[in-house]
Each structure stands twice: as structure tokens, then as C-alpha cells.
Amino acid sequence: RKEFADLYVNYKLNESIQKPFEAFMKGFLRGCPGRMWKMFHPAELQSILQGHAKYDWNLLQKHVKYIWYQNVDRTIRYFWTVFHKLPEEKKKMFLAFLSGCDQISGYGLEHFTFTIVDPKLQNPDNYCPSANTCYRILFLPR
């Protein structure tokens, strides 16, 4: 039984995906030559490709830019109060809403910036926050 299980696992995890993986690897290495990846340790490479798993949310707040807002405005203070009370999973959902991805790139939070903009709407109570994920802009009505 053990031999069967070992052979089955080997087939599922290695042999059955060998051809598709080789095609993927060939295309990947064409765009990103292998010699460039050899300079990284596995943990560094994982961080570059997958992003960071742990976040310093205060650092995120520190690097925000404001348009038609200031960091002392009541709306902004309320936003950050509510944000910091959110559970970790909801904060990651906010990142996905803002940027299209729930992880921060390998560069880290100190290089992840976004902008909070007052869309200057006539009746802001009738509108919800929206985001431009390409430019990481949060449109936050007052």
C-alpha cells in the first residue's frame, strides 16, 4: 500500500504535470531569464513573486497621499479609525478593492502608496466609496 501511495503521489505531483510545467517554464524563462533568479534565496524569491504576507498598517497610513483632503479632516480620521478596527482579512479585502490584489508587492509597504481623493459630489451621502485600481486611488465622499 505504501509503495502504491508513493507512486500515486509521485504521478499526481510530478509526472502528470511534467509537460504543462515544462511549457510554462520555457515561456517564463523566455521573459525572465534563469540567471536573474539565481541571485535570490528562495524566501526572497517568494516575497518578490507573491508579495508580503505580514503588514504594518500604520506604515500604509503614513504613505497615503490626499487630494482635496488633509490627514486631519474628520472624514479621514474616521476612515482610519474604522480601518484600524477591521480584522486582518477585511483589511486585505480593502487592499484588493483598492489595488486589485490583496497582497503588497515584494518592495514592501514603504513603497506601496495610494491616494484618497474627495470626489466633490453634490450630495455625498448618496454615494459609496469607489476605487481606480490602476492608479490606486480611493474616491472617498465626505
Side-chain angles (χ1 to χ4, degrees), residues 2 4-142:
K2 182 182 179 337
F4 174 79
D6 290 343
L7 289 171
Y8 186 74
V9 167
N10 182 51
Y11 172 75
K12 279 299 206 183
L13 297 179
N14 296 317
E15 294 174 21
S16 69
I17 62 165
Q18 186 172 358
K19 279 189 174 184
F21 179 75
E22 286 174 359
F24 165 78
M25 187 171 67
K26 182 179 175 185
F28 182 81
L29 292 177
R30 189 174 356 159
C32 303
R35 67 182 185 280
M36 297 176 89
W37 299 110
K38 290 180 181 179
M39 72 172 115
F40 296 107
H41 294 288
E44 294 171 328
L45 188 57
Q46 181 178 4
S47 176
I48 289 169
L49 295 175
Q50 288 184 329
H52 290 283
K54 295 181 181 178
Y55 308 108
D56 178 355
W57 299 110
N58 292 315
L59 189 58
L60 177 72
Q61 180 180 353
K62 182 179 174 184
H63 292 285
V64 172
K65 299 173 188 167
Y66 301 100
I67 297 179
W68 298 310
Y69 272 125
Q70 293 185 18
N71 61 351
V72 294
D73 287 341
R74 185 175 58 169
T75 304
I76 297 300
R77 288 192 328 255
Y78 287 165
F79 170 80
W80 286 114
T81 300
V82 170
F83 179 83
H84 287 298
K85 289 181 181 179
L86 292 173
E88 192 76 9
E89 193 58 35
K90 295 286 185 181
K91 290 176 183 174
K92 289 180 182 181
M93 289 173 71
F94 171 76
L95 282 181
F97 173 73
L98 178 66
S99 67
C101 182
D102 67 349
Q103 294 189 343
I104 300 294
S105 71
Y107 295 117
L109 273 173
E110 58 272 9
H111 298 286
F112 182 91
T113 60
F114 73 96
T115 305
I116 298 178
V117 177
D118 178 0
K120 297 207 177 248
L121 300 167
Q122 288 289 349
N123 192 356
D125 290 335
N126 292 337
Y127 297 91
C128 294
S130 61
N132 179 323
T133 57
C134 294
Y135 297 102
R136 293 193 296 233
I137 298 173
L138 175 66
F139 297 101
L140 184 66
R142 289 189 183 264

Checklist entry - Would the number of heavy atoms belonging to other residues, nucleotides or ligands and lying under 6.0 Å from OH of Y78 be above 12? => result no
Checklist entry - Are any of the side-chain heavy atoms of L60 and Y55 separated by less than 4.5 Å? => result no
Checklist entry - Could you give the distance from CG (L7) to NZ (K2), rounded to the nearest 0.5 Å? => result 10.0 Å
Item to check | Nearest-0.5 Å distance that lies between atom NZ in K65 and atom CD1 in I67 | outcome: 9.0 Å
Next on the checklist: Minimum heavy-atom separation for Y135 and N132, please, with both atom names.
Outcome noted: N-OD1, 3.2 Å
Next on the checklist: Just so I know, are the side chains of Q61 and H84 near enough to count as touching, which here means a heavy-atom distance under 4.5 Å?
Outcome noted: yes
Item to check | Check: K91 and W57 side chains under 4.5 Å, non-hydrogen atoms | outcome: yes
Checklist entry - Should T133 and S99 count as side-chain neighbours, where that means a heavy-atom distance under 4.5 Å? => result no
Checklist entry - Does CD belonging to Q70 count more than 12 external heavy atoms closer than 6.0 Å? => result no
Next on the checklist: So D118 and R142, do their side chains get closer than 4.5 Å, heavy atoms only?
Outcome noted: yes
Checklist entry - If you count the non-hydrogen atoms of other residues, nucleotides and ligands that lie under 6.0 Å from OH in Y127, is the total more than 12? => result no
Item to check | Heavy-atom closest contact (P129 atom, F97 atom, distance) | outcome: O-CZ, 3.7 Å
Next on the checklist: I want to check something: taking the side chain as every heavy atom from C-beta on, are Y66 and V64 in contact at a cut-off of under 4.5 Å?
Outcome noted: yes
Next on the checklist: With rounding to the nearest 0.5 angstrom, report the CD1 to CZ distance, I137 to F139.
Outcome noted: 4.5 Å
Checklist entry - For the atom pair CZ (R74) and OG1 (T81), what is the distance rounded to the nearest 0.5 Å? => result 12.5 Å
Result block: side-chain N/O donor-acceptor pairs under 3.5 angstrom for residues 13-21, not counting sequence neighbours:
from, atom 1, to, atom 2, distance (Å)
N14, ND2, N10, OD1, 2.6
E15, OE2, N10, ND2, 2.9
S16, OG, Y11, O, 3.1
S16, OG, K12, O, 3.0
Q18, NE2, E22, OE2, 3.2

Next on the checklist: Using only atom types and a distance under 3.5 Å, with no angle test, would you say the side chain of D73 pairs donor to acceptor with the backbone of I76?
Outcome noted: no
Checklist entry - Does L138 reach the side chain of F94, with side-chain heavy atoms less than 4.5 Å apart? => result yes
Next on the checklist: Please check this pair: side chain of R136 against backbone of T115, looking for a donor-acceptor N/O pair closer than 3.5 Å.
Outcome noted: no
Next on the checklist: Are F79 and Y69 an aromatic pair, judged by ring center distance below 6.0 Å?
Outcome noted: no
Checklist entry - Any idea how F114 and W80 line up, ring-wise: parallel (<30°), tilted (30 to 60°), or perpendicular (>60°)? => result tilted
Checklist entry - Does atom NZ of K62 have more than 12 heavy-atom neighbours from other groups under 6.0 Å away? => result no
